[in-house]
Structures are given as structure tokens and as C-alpha cells.
Amino acid sequence: MDIHIIQGGNELLNSFSDDASIKARKYLENLGVNVITGVRVNNYDGNEISLSDGRKLYTKKVIWAAGITGRRFEGLPESCYTSDNRLKTDTYNLVTGLKDVYALGDAAYMEETEYKGHPQVAQPAIQQARLLSNNLNGLLKGKPMKPFHYKDLGSLATIGRNKAVADLPYLKTQGFFAWLLWLFVHLKSILGVKNKIFVFFNWVWSYFTMDQSLRIMIRHKTRMNNE
Ligand SMILES: Cc1cc2nc3c(=O)[nH]c(=O)nc-3n(C[C@H](O)[C@H](O)[C@H](O)COP(=O)(O)OP(=O)(O)OC[C@H]3O[C@@H](n4cnc5c(N)ncnc54)[C@H](O)[C@@H]3O)c2cc1C
């Protein structure tokens, strides 16, 4: 099996440091992945992928991971939306031009300090949700709302066994230590002690046995009655 990653930008993980994105590419190439950067996918007809540089790849399997766009709701004015359908908000997560309508996380587009829209990852969503719930509770007690400032806790990405990249505020590292950090951070975010222990032992088991606990069943597509 050949695996190709096609990335429109000139580097992988472009929100990470240069060292991290160079290392991520090297790790993938060492695993036998063909990384193609600076090229966009123009078309796929079920058999053939056409690339913007004229190349063609032949495949039955394509995994599309080219980002997300928001969803529009009926009734909200056009002026509330950005071009990728995020809802423009002020620094209190209040949708611009509306009263009592708030948006947060991936769906929200907020400009504050150096951020022109926060990265669509979990931390802005968590931090905005926490502040907004405090602000709304505070409003009931007559307290003024506090504006949002994103606290960047850093970024981690795992590439494979023993391989990850980590860009933290005071530490940039790649390789085994970054991979351990990735495991620790993700284990910490799993809810409940029982789940943490279960996942931990599952990982240890998979690491030594090379056995994936994930089982995918593939079968012929059956038609639904209403199709
Ligand atoms: C494959 C993948 C991997 C990711 N990996 C990472 C990662 O490693 N680290 C990281 O930080 N971020 C990661 N992200 C991004 C992260 O998941 C999002 O940034 C984060 O979940 C945003 O939180 P949110 O609350 O804004 O939206 P979501 O978590 O998407 O929650 C929105 C919820 O609204 C529901 N919903 C949608 N429409 C309606 C409707 N009309 N009515 C009612 N409910 C509705 C949805 O079902 C969903 O439950 C990943 C995302 C994907 C897709």
C-alpha cells in the first residue's frame, strides 16, 4: 500500500514551529509516507486524483481532511458570518450586531490581541466556554463581563510510535519525549479515574503487543429502503 499526504501549504503542521514541521515530515517519510506539499487537490472522480501541478494519482481510497467550515442558521443576518461561516463575535463571545446570542469555539470568529480568529482546536473552545459561563453567572449578580484573552498552552501532534512534536510556551521538543508528553496530556484530559486507568493499560498493552484494540469491520454497502 502507498500512502500519499497532499498538503496545499508549503509545509506540514504550518501552525507549529519550523523545527516541528520539518521533523514531522521527516518522521512520516521515514515511515514510508510520500509527502507532497505546495500542491492542491483539484478533483477526484472515484479512481483518479488530479493535482494542481498536473500530476495524477490513482486510488480508490481518499481521506479528506482539508479543514472545516461552519454551518449557517436561518434567521441570522448575513453580516454575522465570515467567509467560512464562522460567527463574528466581540471579545465577550456576543455575536456582532445581535443581543443575547453567543457563539464560541470552532463556530466563533473573534479578533483580540494578535489573534484574527482563534485556531479551531479544543483549547479556545474550552477557555471561551469557561469564561462565558462565568460571565453569564456574573451578569445575574450584576457583575461586569470580562473580555476573553486566549492563553496559548502550546501544541502537540503525534506522528506515530515514539514520534511526536511538541511546541510548548517554554519548550520545543520532538521525538520520544514529545510523544510521552502527548500521551500524558491526553491521558490527563480523559474524564474519570476508571477511564484513565483503562486507557492507560490499553495503550501499554498495544505498545508491547503491537495489537490495535480498534477493530474495523468492512462489508458491502447495503442499500437503505428509502435510498
Ligand atoms: C479529527 C479531528 C481531530 C482533532 N484533533 C484535535 C486535537 O488533537 N487537539 C485539539 O485541540 N483539537 C483537535 N480537533 C479540533 C477540536 O475537536 C475542536 O476544535 C473542538 O472540538 C471545538 O469545540 P466546539 O465546542 O467549538 O465544537 P464541537 O466539539 O464540534 O461541538 C459542537 C457540537 O455541536 C453539535 N451540533 C452541531 N450542529 C448542531 C445543531 N444544529 N443543533 C445542536 N447541536 C449541534 C455537534 O454535534 C457537536 O457535538 C480535532 C478535530 C477533528 C475533527
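First listed ligand is number 1; within each ligand, the first listed atom is number 1.
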**OP:** Could you note down all residue pairs passing salt bridge (charged side-chain N to carboxylate O under 4.0 Å, His left out) where residues 74-83 supplies at least one of them, sequence neighbours left out?
**Re:** Arg72-Glu78

Original post:
Which parts of the protein, at residue level, reach under 4.0 Å of ligand 1 through a heavy atom?
Top reply: Leu104, Gly105, Asp106, Gln120, Val121, Ala122, Ala125

**OP:** For the pair Tyr115 and His118, name the ring-plane relationship: parallel under 30°, tilted 30 to 60°, perpendicular over 60°.
**Re:** tilted

Original post:
With sequence neighbours left out, which residue pairs that include part of residues 6-19 fulfil the side chain to side chain donor-acceptor pair (under 3.5 Å) condition?
Top reply: Ser17-Asp167

Original post:
Are the side chain of Lys146 and the backbone N or O of Asn135 linked by a donor-acceptor pair below 3.5 Å?
Top reply: no

**OP:** For Leu51, check side chain to side chain contact (heavy atoms under 4.5 Å, CB included) against everything at least two apart and list the hits.
**Re:** Ile6, Ile36, Val39, Val41, Ile49, Asp53, Arg55, Leu57

Original post:
Angle class for the Tyr207/Trp179 ring planes (parallel below 30°, perpendicular above 60°, tilted otherwise)?
Top reply: tilted

